[in-house]
Amino acid sequence: MQKHDFNEQLFDFLAASPTPFHAVYEMRGRLQEAGFIELEEQNVWNVWPGGRYFIVRNESSIIAWTLASSANLANTGFRMVGAHTDSPCLKVKPNPETVSQGCLRLGVEVYGGALLNPWFDRDLSLAGRVSYVSTAGGMRSELVNFERPVAVIPSLAIHLDREVNQGRNVNPQTEMPPVMAQLQGDGKAELREILKNELLAQHIDDVAEILDYELFFYDVQKPSYIGLNNEFFASARLDNLLSCFIGMQALIGSNSDQNTLLVCNDHEEVGSLSAAGAQGPMLKQLLERLAPDPEARNRMIANSMMVSVDNAHAVHPNFADKHDGNHGPRMNAGAVIKINANQRYASSSETSALFRHIAQQEDVTLQSFVVRSDMACGSTIGPITAANLGVKTVDIGVPQLAMHSIRELAGSDDPVGLAKVLSRFYCQARV
């Protein structure tokens, strides 16, 4: 696929995926269009050689896989790619409504390690999952997305805080509640009633009572190219929906006769410890169902390899000293192999060398990232998955700036290049 077409599809995916629930919904539709069959975890499965399947858990994590037409799982293993569906953001509290100076505000928790200052003065909308009692008495859930701007977190004028540019801490409890409306007189507003009306506006007309929700604020600004020559593109949630999309496109387009798998877990940004997270049993339980015999399953895992795909820190032109001088990846110079002596990344010399060899076959350049020796290192689902399964793993990712901001920046050449490498990885006869 050409770069422009690839990126335009990426932009559409990012814009349609304001929450992990919406991202999985979008991935589900694209996989079904490509011939993948959804299986329910609570049912008995009938999977066949040559088949394409996927499962969804919590509506926010997804695993898709293909089975070779003739290969034995124990002898060939899986070519696995992993990413995560969640991003740092503001999550609405269960009883969020407060009124201050006639303005309706919603209390929020900070989800993950978000940069808070960029959230001020943005056009915010609201999206997530809503659970309700239907008019027939049953319990149902639906995705909701207001799409339009419905809230803002206004900055305090510099006239009232003259020292703001000298350094200011943001208090998420008192300073981050988004303003949603101006109430008249003693007027009141309840979020559950607002949600009910929004569902009705989306032609979901069987709502009797809203029971609960998982809602997240997001910036309504669409993804866009940036730069005199469109060198960059900016969007919310590049970390890590960019990797989810690249992995999905590589899986769909690989046409491989190998056993291939893509796992996109929720809750990475808060530690991955959940039923749908990488520290949970979702992937392990799937592999147990596909290879029930422990001996065959252990052989299968020994013959497998995982590529953990999560964005990397590009060297910042204004803060170049935050990088090791020999390990400052640049945007548009290829994906990054991430290495850490303390196993915050799962890459080894063996897995890194194999990934480099695959990239050479596609004539795609790669870079290396090692954090400065005097700075702490982040992590990914790579070490978690490697430890849970015992599968050899390499950590890679597209270099980006402004990681964990409400709007992030990446190079426009890098996504399609990484997709080519992952497509070839999916076709490798041996790993």
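Side chains included, hydrogens not; waters and symmetry mates left out as well; all remaining heavy atoms used.
Within 6.0 Å of CD in E350 there are 12 or fewer heavy atoms belonging to other residues, nucleotides or ligands. Around atom OH of Y25, no more than 12 heavy atoms belonging to other residues, nucleotides or ligands sit under 6.0 Å away. The 12-atom threshold is exceeded at NZ of K93, counting heavy atoms of other residues, nucleotides or ligands nearer than 6.0 Å. Summarising the local packing, CG of D363 is surrounded by 12 or fewer heavy atoms from other residues, nucleotides or ligands at distances under 6.0 Å.
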- Item | CA sep, side-chain torsions, deciding dist, call: E193, K188, salt bridge (charged side-chain N to carboxylate O under 4.0 Å, His left out) | CA-CA 11 Å; E193 189 65 25; K188 296 182 179 180; over 6 Å; no
- Stepwise, does the side-chain hydrogen bond (donor to acceptor under 3.5 Å, both in side chains) test hold for S274 with H267? CA-CA 7 Å; S274 71; H267 302 136; 2.6 Å; yes
- Message: salt bridge (charged side-chain N to carboxylate O under 4.0 Å, His left out), that's the test. Do E109 and K91 meet it? Break it down for me.
- Response: CA-CA 5 Å; E109 289 185 282; K91 184 178 182 180; 5.8 Å; no
- Which is it for R30 and Q249 under the side-chain hydrogen bond (donor to acceptor under 3.5 Å, both in side chains) test, yes or no, and what are the steps along the way? CA-CA 9 Å; R30 287 166 169 78; Q249 292 298 97; 5.3 Å; no
- Task: Starting from the C-alpha separation in whole Å, work towards a yes-or-no answer on ring-ring contact (aromatic ring centres under 6.0 Å, His included) for F6 and F245.
- Result: CA-CA 10 Å; F6 189 92; F245 181 81; 5.4 Å; yes
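A salt bridge does not link K196 with E190: every distance from a Lys NZ or Arg NE/NH1/NH2 to an Asp or Glu carboxylate oxygen is 4.0 Å or more. Between K420 and E362 no salt bridge is recorded (no basic side-chain N to carboxylate O distance below 4.0 Å). Classification of E59 and R28 as a salt-bridged pair holds, one side-chain N sitting under 4.0 Å from a carboxylate O.
Shown are N58, T19, V144; of these, the side chain to side chain contact (heavy atoms under 4.5 Å, CB included) with R129 is made only by N58. When each of V336, V371, V370 is tested with H327 by the rule side chain to side chain contact (heavy atoms under 4.5 Å, CB included), just one qualifies, namely V370. With F120 as the partner, the side chain to side chain contact (heavy atoms under 4.5 Å, CB included) test is satisfied by one option alone out of L156, I153, I406, V152: I153.
For the residue pair S349 and S352, no side-chain donor N or O sits within less than 3.5 Å of a side-chain acceptor on the partner. A donor-acceptor pair shorter than 3.5 Å cannot be found between the side chains of D324 and S373. With no hydrogens or angles considered, no side-chain donor-acceptor pair links R57 and N265 at under 3.5 Å. When only modelled atom types and interatomic distance are considered, T385 and N388 share no side-chain donor-acceptor pair under 3.5 Å. Between the side chains of D239 and H404, at least one donor N or O sits under 3.5 Å from an acceptor N or O. Side-chain contact of D266 with S60: a donor-acceptor pair under 3.5 Å is present, judged by distance alone. Under the 3.5 Å distance criterion, with hydrogens and angles disregarded, a donor-acceptor pair is assigned to the side chains of D121 and S155. Side chain to side chain, S224 and R407 meet the donor-acceptor criterion of an N or O pair below 3.5 Å. Of the N and O atoms on the side chains of N145 and H22, not one donor lies less than 3.5 Å from an acceptor on the other residue. S308 and T393 share no donor-acceptor pair across their side chains, judged by distance under 3.5 Å alone.
Side-chain atoms of N7 never come within 3.5 Å of backbone atoms of L10 as a donor-acceptor pair (strictly under, hydrogens ignored). Between the side chain of H316 and the backbone N or O of N318, at least one donor-acceptor pair lies under 3.5 Å. A distance-only check finds no donor-acceptor pair linking the side chain of K338 to the backbone of A312 [under 3.5 Å]. Judged by distance alone, with hydrogens and angles left aside, the side-chain atoms of N311 form a donor-acceptor pair with the main-chain N or O of L238 at under 3.5 Å. Put simply, the side chain of R344 gets close to the backbone of C377: a donor and an acceptor are under 3.5 Å apart. In this structure, the side chain of E97 does not engage the main chain of L104 through any donor-acceptor pair within 3.5 Å.
To the nearest 0.5 angstrom, K322 atom NZ is 12.0 Å from H313 atom NE2. In this structure, NE2 in H84 is found 6.0 Å from CG in D86, a value given to the nearest 0.5 Å. Annotation: the span from M27 atom CE to F13 atom CZ amounts to 5.5 Å, rounded to 0.5 Å. Atom CD1 in I396 sits 9.5 Å away from atom CG in D310 (nearest 0.5 Å). Atom CZ of R237 sits about 9.5 Å away from atom CD of E408, to the nearest 0.5 Å. One finds the CZ atom of R289 at 15.5 Å from the NZ atom of K284 (value rounded to the nearest 0.5 Å).
Considering all non-hydrogen atoms of both residues, L422 and G247 come closest at CD1-CA, 4.3 Å. For the pair A151 and M180, the tightest heavy-atom approach, listed with the atom from each and the gap, is CB-CG, 3.8 Å. Closest of all the heavy-atom pairs between S254 and Y426 is CB-CB, 3.8 Å. The two atoms that bring L409 and F232 nearest to each other are CD1-CB, 3.7 Å, heavy atoms only. Nearest heavy atom pair, residue E147 against residue Y218, reads CA-OH, 3.3 Å.
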Can I get a per-line list of side-chain donor-acceptor pairs under 3.5 Å for residues 130-140, giving both atom names and the distance, sequence neighbours left out?
residue : atom : partner : partner atom : Å
Y132    : OH   : D206    : OD1          : 3.0
S134    : OG   : A136    : N            : 3.3
S134    : OG   : G137    : N            : 3.4
S134    : OG   : G138    : N            : 3.2
S134    : OG   : G138    : O            : 3.3
R140    : NH1  : D206    : OD2          : 2.8
R140    : NH2  : E142    : OE2          : 3.1

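For F217 and Y111, the gap between ring centers reaches or exceeds 6.0 Å. Ring to ring, F54 and F36 are not that close: their centroids are 6.0 angstrom or more apart.
Geometric assessment of R52 against the ring of W65 yields a negative cation-pi assignment under the 6.0 Å and 45° thresholds.
Partners of F11 by ring-ring contact (aromatic ring centres under 6.0 Å, His included), not counting sequence neighbours, listed by chain and number: Y225, F233.
For the pair I210 and L199, the minimum side-chain heavy-atom distance is below 4.5 Å. In this structure, L191 and L126 have side chains that are in contact, with non-hydrogen atoms separated by less than 4.5 Å.
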